[in-house]
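Inspection log for the structure reproduced underneath, given as structure tokens.
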Amino acid sequence: MEELLRGAQEAPPVENKSRWSPYVDNAGTVIAIAGKDFVVVGGDTRLSLGYQILHRNESKILQLTSKCAIASSGMKTDIARLHKMLKHHITTYKQKYQEEPSTEALAQLLSNTLYYRRFFPYYTFNLLVGLKEDGTGGVYGYDAIGSYDKIMYGAQGSGQELLIPVLDSQLKGHNHLVPEYPTDSSFVTNMVKDVMNSCAERDIHTGDAVEIMVITKTGVTTVKEKLRSDQVVKIKANLHLQIVDN
């Protein structure tokens, strides 16, 4: 017994070594909803690392063509590299064929690009959105290595678990054989604003502002609004005071 205790005392101390990782998660949240003849995509503008806020006005959405865009969450450097590569492929395609690639073609291109890097993946979680060849809105959700699915709506990022249940309850027909797409783009845009505000209340990595892009057959519209803003409350309070004074 004494020999065992002596051996334990003579054992070298265990060193605490920190593991290095090539990846970091800059978090944030993106959301997309397809409509009958439009698609709405949104994302917050906060860039964070753990409990640090690195930037408050960093877009997570990139317009690829006149009918297609991509929204990404994850590691910012990998996102920038992936977006740059997609733009390069689109430019090459336009120069060769004198037209823009379709949304379906870009969905497959993104899948191939991510799968090509499957052994050292881009740490990105993407939503590709756009108008399909039949004129309806389309949303494609991806994992880090290129597996994707055609969906009516989706969310990626640190607030994904907060957004999906709300969308499940508000959008009907997503699990029908023939989906019932929303027909009012303004209703969907306001829904995106509401759910992103709700997400920002509960997720520290989502915040500052929400950028919303609406793609229709007539063009692309982009709006940006602050999250968790109390301006509306102040306006209502001022109106109430005016009514009381009168």
Side-chain angles (χ1 to χ4, degrees), residues 24-34 38-48 54-95 99-117 121-132 137-144 146 148 150-151 153-160 163 188-189 192 196 205-206 208-217 219-225 227:
V24 296
D25 187 6
N26 297 121
T29 305
V30 293
I31 181 177
I33 302 174
F38 64 90
V39 63
V40 178
V41 58
D44 74 299
T45 61
R46 176 172 293 180
L47 182 68
S48 59
L54 306 179
H55 205 290
R56 296 185 182 273
N57 191 27
E58 190 68 36
S59 176
K60 295 179 175 65
I61 305 173
L62 175 67
Q63 183 179 347
L64 298 176
T65 68
S66 61
K67 297 182 179 180
C68 184
I70 184 174
S72 304
S73 177
M75 185 174 175
K76 178 58 183 178
T77 53
D78 280 0
I79 292 173
R81 172 64 178 170
L82 177 62
H83 288 184
K84 183 178 180 179
M85 184 173 294
L86 291 175
K87 290 292 287 185
H88 169 72
H89 286 304
I90 292 171
T91 301
T92 303
Y93 183 95
K94 291 169 65 175
Q95 291 175 348
E99 63 179 5
E100 293 181 335
S102 64
T103 300
E104 292 88 340
L106 290 176
Q108 187 61 55
L109 172 64
L110 178 56
S111 176
N112 294 346
T113 303
L114 294 173
Y115 186 72
Y116 177 77
R117 283 286 299 268
Y122 291 114
Y123 194 71
T124 62
F125 304 94
N126 306 282
L127 292 173
L128 189 133
V129 305
L131 297 181
K132 297 185 288 188
V139 176
Y140 302 85
Y142 295 78
D143 66 4
Y148 74 102
K150 302 175 184 178
I151 50 182
Y153 55 83
Q156 297 277 24
S158 56
Q160 179 183 24
L163 296 184
V188 174
T189 301
V192 170
M196 288 296 291
H205 302 298
T206 302
D208 295 310
V210 57
E211 181 184 13
I212 301 175
M213 182 179 294
V214 183
I215 303 176
T216 65
K217 60 182 179 181
V220 179
T221 304
T222 303
V223 296
K224 183 183 292 186
E225 291 190 5
L227 289 172

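Numbering starts at 1 and runs along the sequence shown.
- Within the model, atoms OG1 of T124 and CG of D143 stand 9.5 Å from one another, a figure rounded to the nearest 0.5 Å.
- Residues meeting the side chain to side chain donor-acceptor pair (under 3.5 Å) test with T216, sequence neighbours left out: T218.
- Under the 4.5 Å side-chain criterion, counting only non-hydrogen atoms from C-beta, L114 is in contact with Y122.
- The minimum heavy-atom distance between V129 and A32, with the atom names listed, is CG1-CB, 3.4 Å.
- Scored by the side chain to side chain contact (heavy atoms under 4.5 Å, CB included) test, E104 finds S102, K132, E133, Y140 as partners (sequence neighbours excluded).
- Residues meeting the salt bridge (Lys or Arg N to Asp or Glu O under 4.0 Å) test with E100, sequence neighbours left out: none.
- Using a 4.5 Å heavy-atom cutoff, the side chains of F38 and V188 are in contact.
- No side-chain heavy atom of I70 sits under 4.5 Å from any side-chain heavy atom of L106.
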Got a list of side-chain donor-acceptor pairs under 3.5 Å for residues 71-88, not counting sequence neighbours?
residue, atom, partner, partner atom, Å
S72, OG, H83, NE2, 2.9
S72, OG, N126, OD1, 2.5
S73, OG, A27, O, 3.2
S73, OG, G28, O, 3.1
K76, NZ, E58, OE2, 3.0
D78, OD2, Y123, N, 2.8

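- Nearest heavy-atom pair across A34 and G138 is CB-N, 3.9 Å.
- Here the closest non-hydrogen pair linking T29 and S158 is OG1-OG, 3.7 Å.
- Judged by distance alone, the side chain of T222 and the main-chain N or O of M213 form no donor-acceptor pair under 3.5 Å.
- We find the CG-NZ distance between L131 and K67 to be 6.5 Å, quoted to the nearest 0.5 Å.
- By the salt bridge (Lys or Arg N to Asp or Glu O under 4.0 Å) test, K60 is found to be paired with D44, residues two or more places apart in sequence or in another chain being considered.
- Here the CD-CG distance, from E211 to L227, works out to 11.5 Å after rounding to the nearest 0.5 Å.
- Taking the side chain as every heavy atom from C-beta outward, V41 and V30 never approach each other to under 4.5 Å.
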**OP:** Step by step, work out the side chain to side chain contact (heavy atoms under 4.5 Å, CB included) result for L128 and T103.
**Re:** CA-CA 8 Å; L128 189 133; T103 300; 4.0 Å; yes

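- Take Q160 and apply the side chain to side chain donor-acceptor pair (under 3.5 Å) test, not counting sequence neighbours, and it matches no residue.
- Within the 3.5 Å criterion, the main-chain N or O of V214 finds no donor-acceptor partner in the side chain of T221.
- Residues V192 and T189 fail the side-chain proximity criterion, which asks for heavy atoms closer than 4.5 Å.
- Residues that satisfy the side chain to side chain donor-acceptor pair (under 3.5 Å) test with Q63, not counting sequence neighbours, are absent from this structure.
- Residues satisfying the side chain to side chain contact (heavy atoms under 4.5 Å, CB included) criterion with Q95, sequence neighbours excluded, are T91.
- Every side chain to side chain donor-acceptor pair (under 3.5 Å) that Y148 has, sequence neighbours left out, goes to Q108.
- To the nearest 0.5 Å, atom OG1 of residue T65 and atom NZ of residue K94 are 8.0 Å apart.
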